[in-house]
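Lettering follows sequence order; numbering is per chain, from 1. Everything numeric in this text was worked out from a predicted model, so none of it was measured.
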There are 2 protein chains.
Amino acid sequence: MNIGEASRASGVSTKMIRYYEQIKLITPAHRTESSYRIYGDNDVHTLQFIRRARDLGFSVEQMKTLLALWRDRSRASSDVKKLALEHIAELERKAAAIAAMTKTLKHLASHCHGDERPDCPIIEGFADTLGDTDPGIEAKFGLTGVK
Amino acid sequence: MNIGEASRASGVSTKMIRYYEQIKLITPAHRTESSYRIYGDNDVHTLQFIRRARDLGFSVEQMKTLLALWRDRSRASSDVKKLALEHIAELERKAAAIAAMTKTLKHLASHCHGDERPDCPIIEGFADTLGDTDPGIEAKFGLTGVK
DNA sequence: CTTGACCTTCCCATCATTGGAAGCACTAAC
DNA sequence: GTTAGTGCTTCCAATGATGGGAAGGTCAAG
C-alpha cells in the first residue's frame with residue numbers, strides 16, 4: 001500500500017503522514033526500489049490510532065506518549081488514565097476560557113440595538129474599562145487565542 | 001512615553017506592539033531623534049482596546065475591522081453587532097468541539113480501572129473502531145487542534 | 001510512448017507570540 | 001567623564017499542526 005492508500009484508509013493526509021515520520025511520531029516507512037513509501041495493515045492501524053487521538057485534541061507530544069503506552073503491553077492502566085484525565089482538565093480549562101469570552105460578548109451584544117444608529121455598547125465596552133487593566137481573561141486561563 | 005511604559009499601561013507586550021505596527025493594525029508610532037517610539041494617551045487607549053478585543057478571542061483581522069468601526073463615528077451599531085454575533089457563533093462552535101472531545105474522553109476514562117493492570121479501555125478505544133473511519137469529530141466541527 | 005495520476009523532496013505560508021542576538025541610547029552612580 | 005545597567009532598535013528564528021505548491025521521478029493504462 002502506498003502513502004495515498006494509507007492516507008485514505010486512515011484518514012490522515014499524506015502531508016501529515018510524512019510529517020509524523022519526520023518528527024519521529026511514527027517509524028520511517030519501508031520503501032520500494034523507487035523510494036515510494038510502503039505501508040502495511042499495522043501501519044494503517046497506527047495511523048488510525050493517531051487520528052483518533054488527534055481528533056480528541058491530544059498534541060503530538062501526548063500522542064508520542066500514548067503510542068508508547070499502547071505498544072507497552074505491561075503498562076499500568078493508571079498511566080493512561082492519568083494522561084487522559086490531565087487532557088480532560090486541559091479541555092475543560094479551554095472550555096471555561098471560551099465560556100467566559102462568550103458570556104462577556106453576549107452581555108455586550110445584548111445591550112446593542114443592532115440598528116443603523118452609531119452608538120454601540122459592544123465597541124464602547126472594548127474602549128472603556130471593561131474590568132480595568134487587570135490580568136485579563138487570557139491570563140486567568142492561560143489562553144490568548146484559543147484557536 | 002516609550003514603548004515599555006506603553007506596554008505596561010496597556011497590557012500589550014512590547015513585542016506585540018511592534019508586531020501590530022508592522023502588520024498595520026496600528027499606525028506607526030512617532031519617533032524620538034534616536035528612533036525611540038513615543039506613545040501618547042490615545043495610543044495607549046488604542047492598545048487597551050486591542051487587548052480587550054484580543055482577550056475576547058478576536059483575531060487580528062477582526063480587530064482591524066473593530067478598530068475601523070471604533071474610529072468611524074457614523075458606523076451602524078448593527079455592523080458591530082454582526083461581527084460580535086459571528087464571533088460568538090465561532091466561539092460556540094469551538095466550545096461544542098471541545099465538549100464533544102471531553103464527553104468521549106470522559107466516557108472512555110470512566111471505564112478504565114486506573115490501577116496497575118494493563119488493560120485499558122481508553123487506549124483500546126483509540127486503537128479500535130471508536131466510531132469507525134467516518135469524517136471524525138474534527139471534520140464535523142471544522143477543528144482539529146483547538147489550541 | 002504518451003498521458004495522467006501518483007510519488008518524491010524541498011521550501012514557504014499560516015496565526016499570534018516569544019526568544020534571542022547585536023548594537024545603540026539613556027540614566028544614575030561613581 | 002566613564003561605567004554599569006537598563007531599555008530601546010532591528011533582524012532572524014522558533015513554536016504547532018497543517019496546507020500549498022514547484023520540480024522532478026514513477027507507474028499503469030491506453
Sequence neighbours excluded - salt bridge (Lys or Arg N to Asp or Glu O under 4.0 Å) pairs with any residue from residues 38-48 of chain A: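 Listed once each, the pairs would be none.
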task: Kindly state which residues belonging to residues 19-29 of chain A come within less than 4.0 angstrom of DNA chain D, counting heavy atoms of the residue only, listed by number.
output: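 Correct list: A:Tyr19, A:Tyr20.
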task: Encode nucleotides 21-30 of chain D as B, S and - characters from 5' to 3', where the letter depends on protein heavy atoms closer than 4.0 Å: B to the base, S only to sugar-phosphate, - to neither.
output: B---BBS---
Kindly say if [X] contacts the phosphate of [N], meaning a side-chain N or O under 4.0 Å from OP1 or OP2.
X       : N      : answer
A:Asn2  : C:dC6  : no
A:Arg54 : D:dA17 : no
B:Ser35 : D:dC8  : no

Take the protein atom [atom1] of [X] and the nucleotide atom [atom2] of [N], then report the distance between them rounded to whole Å.
X       : N      : atom1 : atom2 : value
A:Arg37 : C:dC7  : CZ    : C1'   : 9 Å
B:Ile38 : C:dC26 : CD1   : P     : 12 Å
B:Arg31 : C:dC24 : CZ    : P     : 17 Å
B:Glu5  : C:dA25 : CD    : P     : 19 Å
B:His30 : D:dT9  : NE2   : C1'   : 18 Å
B:Met63 : C:dT17 : CE    : C1'   : 12 Å
A:Ile17 : C:dT9  : CD1   : C1'   : 16 Å
B:Arg18 : D:dG7  : CZ    : P     : 12 Å

- prompt: What pairs with A:Glu92 under salt bridge (Lys or Arg N to Asp or Glu O under 4.0 Å), at least two apart in sequence or on another chain?
  reply: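 Partners of A:Glu92 by the salt bridge (Lys or Arg N to Asp or Glu O under 4.0 Å) criterion, ordered by chain and then number, come out as B:Lys106.
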message: Let's see if you can work this out: which of D:dC8, C:dA16, D:dT18 has an atom nearest to the side-chain heavy atoms of B:Val60?
response: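 Looking only at side-chain atoms, B:Val60 lies closest to C:dA16.
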NZ/NE/NH1/NH2 to OD/OE distance under 4.0 Å, A:Glu5 and A:Arg8: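 Salt bridge absent between A:Glu5 and A:Arg8.
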query: Are any of the side-chain nitrogens in B:Lys64 or B:Glu61 under 4.0 Å away from the carboxylate oxygens of its partner?
result: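 Yes.
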- prompt: If you take all heavy atoms of B:Leu25 and B:Val60, which pair is closest and at what distance?
  reply: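 Looking at all heavy atoms of both residues, the shortest contact is CD1-O, 4.0 Å.
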message: Show me the pairs that pass side-chain hydrogen bond (donor to acceptor under 3.5 Å, both in side chains) and involve residues 15-27 of chain A, at least two apart or across chains.
response: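 Listed by first then second residue: A:Glu21-A:Arg37.
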query: If you look only at pairs with a residue in residues 75-84 of chain A, which of them pass as a side-chain hydrogen bond (donor to acceptor under 3.5 Å, both in side chains), with sequence neighbours excluded?
result: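 Pairs touching residues 75-84 of chain A that pass the test: A:Ser77-B:Asp115, A:Lys82-A:Glu86.
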query: Under a 4.5 Å side-chain heavy-atom rule over Ile, Leu, Val, Met, Phe, Trp and Tyr, are B:Ile23 and B:Trp70 clustered together?
result: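 The answer is yes; both residues are in one hydrophobic cluster.
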field: Touch class at under 4.0 angstrom, heavy-atom based, for B:Ser13 against every strand present
entry: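 Answer is sugar-phosphate: B:Ser13 comes under 4.0 Å of backbone atoms only.
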query: Taking side chain as C-beta onward, heavy atoms only, is A:Ile38 less than 4.5 Å from A:Asn2?
result: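 A side-chain contact is absent here, since even the closest heavy-atom pair is not under 4.5 Å.
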